[in-house]
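In what follows, every chain begins at residue 1, and chains take the letters A, B, ... in the order their sequences are listed. These numbers come from a predicted model, not from an experiment.
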Number of protein chains: 2
Amino acid sequence: MARKSLVGVVADELLDRIIAGEFPPGSSVPGELELSAKHEVSRMTVREAMKTLEAQRILSVERGRGTFVNPLNRWASLEAVLRAASEGVNDASAAIQLIELRRMLETGACELAASRISDADIGILHGYVAAMRKAHDSDDLPGFVEADLAFHDVILRASENVFVAVLFEPLHRVLEKRRTETSKFRDIQEHAIGHHQAIAEALESRDAARSRSAMDAHMQQTLDDLKSYVLEAKPA
Amino acid sequence: MARKSLVGVVADELLDRIIAGEFPPGSSVPGELELSAKHEVSRMTVREAMKTLEAQRILSVERGRGTFVNPLNRWASLEAVLRAASEGVNDASAAIQLIELRRMLETGACELAASRISDADIGILHGYVAAMRKAHDSDDLPGFVEADLAFHDVILRASENVFVAVLFEPLHRVLEKRRTETSKFRDIQEHAIGHHQAIAEALESRDAARSRSAMDAHMQQTLDDLKSYVLEAKPA
DNA sequence: AAATGTTAGATGTCTGACATCTTACAAATA
DNA sequence: TATTTGTAAGATGTCAGACATCTAACATTT
């Protein structure tokens with residue numbers, strides 16, 4: 001990532017203050033002049049920062065009145081909501097809810113993909129499973145995670161549903177970091193390889209119910225792994 | 001909605017030109033100076049418009065090089081993607097994909113809600129079913145749609161998953177308009193009442209599989225209704 | 001041929017000003 | 001007194017022009 005511009009810094013800091021509860025939903029944030037003084041930037045820079053938060057429906061700007069914080073359920077940015085949710089006491093709850101969401105999208109996409117996936121993509125899936133196996137044998141963690149994510153990406157695309165892909169994209173970045181954490185354990189890697197193999201075979205059979213079920217089992221395993229390996233080990 | 005500011009107008013027009021294919025993904029949009037001349041606004045206004053599109057990941061601004069259009073699957077704004085998808089020849093395909101997405105989220109949320117919903121919310125659900133029935137009897141279309149949407153909202157909240165609610169919010173506005181169209185037919189209204197009744201009863205039994213199945217049947221019916229009543233009647 | 005300097009064009013930021021909208025409050029009116 | 005109107009403060013919307021900094025391409029020097 002390129003280092004952040006002043007606009008990005010101001011937007012980030014303001015979002016942090018909002019998440020910290022300094023400006024609760026419905027309340028107004030300080031005026032542009034006040035913020036430009038506090039952050040030692042020009043009013044224009046503050047305005048552009050506000051615009052980015054407004055575009056994500058985090059703020060509502062009302063001419064002549066001020067700028068107000070929207071309730072969290074109106075925020076259009078999954079990442080911002082994630083930051084807000086992780087800030088609370090229960091990081092675990094956020095992680096679990098994230099997997100629940102992922103489960104909905106991935107099992108649904110997998111079900112759709114069963115009747116739409118091409119033979120070529122089936123081959124690619126098997127290729128990624130082989131790559132995971134190879135990375136597992138040679139202790140190549142980044143390679144393992146990369147093949148894992150690519151596998152799921154193929155299914156997402158094969159579902160031929162634009163909206164699912166769009167909604168999943170912000171999840172992708174978040175999951176990538178967490179996946180690197182969980183995939184450190186060799187046990188988890190072995191679990192994952194088996195499930196991916198089963199998913200590829202289910203899709204190959206073009207059986208929608210079986211494909212959905214295979215992906216669902218994978219998600220359940222991921223949830224269990226997260227609970228037993230990561231959350232247990234990290235006390236508050 | 002408040003009438004749009006100049007920034008909003010410029011952003012909209014630029015997005016329209018992007019969607020129309022004038023600036024395909026990967027290509028660059030005209031420079032800030034050129035755009036400010038074409039739209040007869042100042043450069044700052046153009047910049048703020050760009051910022052809103054950048055915040056939605058529609059554009060990537062690179063200092064010293066220019067501003068570039070992102071591929072559609074990286075756009076973070078469901079509404080913008082919807083606009084782009086509806087612009088094409090196949091409005092039908094977009095409508096179907098939208099229901100597919102809705103199906104994933106709602107069936108998933110309903111499954112989760114089964115074990116989490118409160119007795120009070122169960123009562124509220126039955127109340128909305130009654131409201132739908134009453135609106136149906138008195139030919140109150142807006143009332144019918146309102147009760148319908150409220151019913152689904154209760155389940156969304158009862159799933160106790162923040163992220164699902166956030167992802168569903170932009171869908172809500174889009175669906176509201178389409179729902180008013182489809183619910184015009186009395187046959188569809190009767191279908192819907194039966195399904196909602198079944199969903200409420202399934203949730204009351206706290207049976208996750210049954211609840212999911214009931215919601216899934218409702219989504220299937222919605223898809224069928226859309227195909228036979230709306231899409232058939234509206235040729236390109 | 002490689003390293004270096006130059007330059008054009010793009011975005012990033014600043015300063016200061018004026019316009020317009022909302023709200024609150026005071027003054028004029030019935 | 002109650003209502004209306006006028007005024008002013010504070011907020012966002014927009015503009016103009018300037019300078020800084022980054023990138024890429026080209027020319028120059030080594």
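- By the ring-ring contact (aromatic ring centres under 6.0 Å, His included) test, His218(A) pairs with His152(A), His195(A), His196(A), sequence neighbours left out.
- One finds a side-chain N or O of Thr45(A) lying less than 4.0 angstrom from the OP1 or OP2 phosphate oxygen of dC14(C).
- For Thr67(B) and dT11(C), the shortest distance from a side-chain N or O to OP1 or OP2 is below 4.0 Å.
- Contact check, Arg47(A) against dG13(D): a side-chain N or O comes under 4.0 Å of OP1 or OP2.
- Going from atom CZ of Arg43(A) over to atom P of dA11(D) covers 11 Å, rounded to whole Å.
- A heavy-atom distance below 4.0 Å to DNA chain C is reached by none of the residues of residues 11-40 of chain A.
- Among pairs with a residue in residues 147-160 of chain B, those fulfilling salt bridge (Lys or Arg N to Asp or Glu O under 4.0 Å) read Asp148(B)-Arg179(B), at least two apart in sequence or across chains.
- For Arg116(A), the CZ atom counts as densely surrounded, since its 6.0 Å shell holds more than 12 non-hydrogen atoms of other residues, nucleotides or ligands.
- In this view, Phe23(B) satisfies the ring-ring contact (aromatic ring centres under 6.0 Å, His included) rule with no residue, not counting sequence neighbours.
- Between Glu54(B) atom CD and dG12(C) atom P there is a gap of 7 Å when expressed in whole angstrom units.
- Counting only residues at least two apart or in different chains, ring-ring contact (aromatic ring centres under 6.0 Å, His included) contacts with residues 154-175 of chain B are absent.
- The stretch residues 37-46 of chain B participates, sequence neighbours left out, in these salt bridge (Lys or Arg N to Asp or Glu O under 4.0 Å) pairs: Glu32(B)-Arg43(B).
- Taken residue by residue, residues 58-66 of chain B places heavy atoms nearer than 4.0 Å to DNA chain C at Val61(B), Glu62(B), Arg63(B), Gly64(B), Arg65(B), Gly66(B).
- Partners of Glu169(B) under the side-chain hydrogen bond (donor to acceptor under 3.5 Å, both in side chains) rule, at least two apart in sequence or in another chain, are Arg173(B).
- Each salt bridge (Lys or Arg N to Asp or Glu O under 4.0 Å) pair with one or both residues in residues 122-142 of chain A, not counting sequence neighbours, appears once here: Asp139(A)-Arg186(A).
- We find that CD of Glu48(B) is positioned 13 Å from C1' of dT13(C), with the value rounded to whole Å.
- Listed by first and then second residue, the salt bridge (Lys or Arg N to Asp or Glu O under 4.0 Å) pairs that reach into residues 60-70 of chain A are Glu62(A)-Arg65(A), sequence neighbours excluded.
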Enumerate all atom pairs, one protein N or O and one N or O from nucleotides 5-8 of chain C, separated by less than 3.5 Å.
none

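- Inspection of the Thr52(B) and Gln56(B) side chains reveals no N or O donor paired with an N or O acceptor under 3.5 Å.
- Applying the salt bridge (charged side-chain N to carboxylate O under 4.0 Å, His left out) criterion to Glu106(B), with sequence neighbours excluded, gives Arg102(B).
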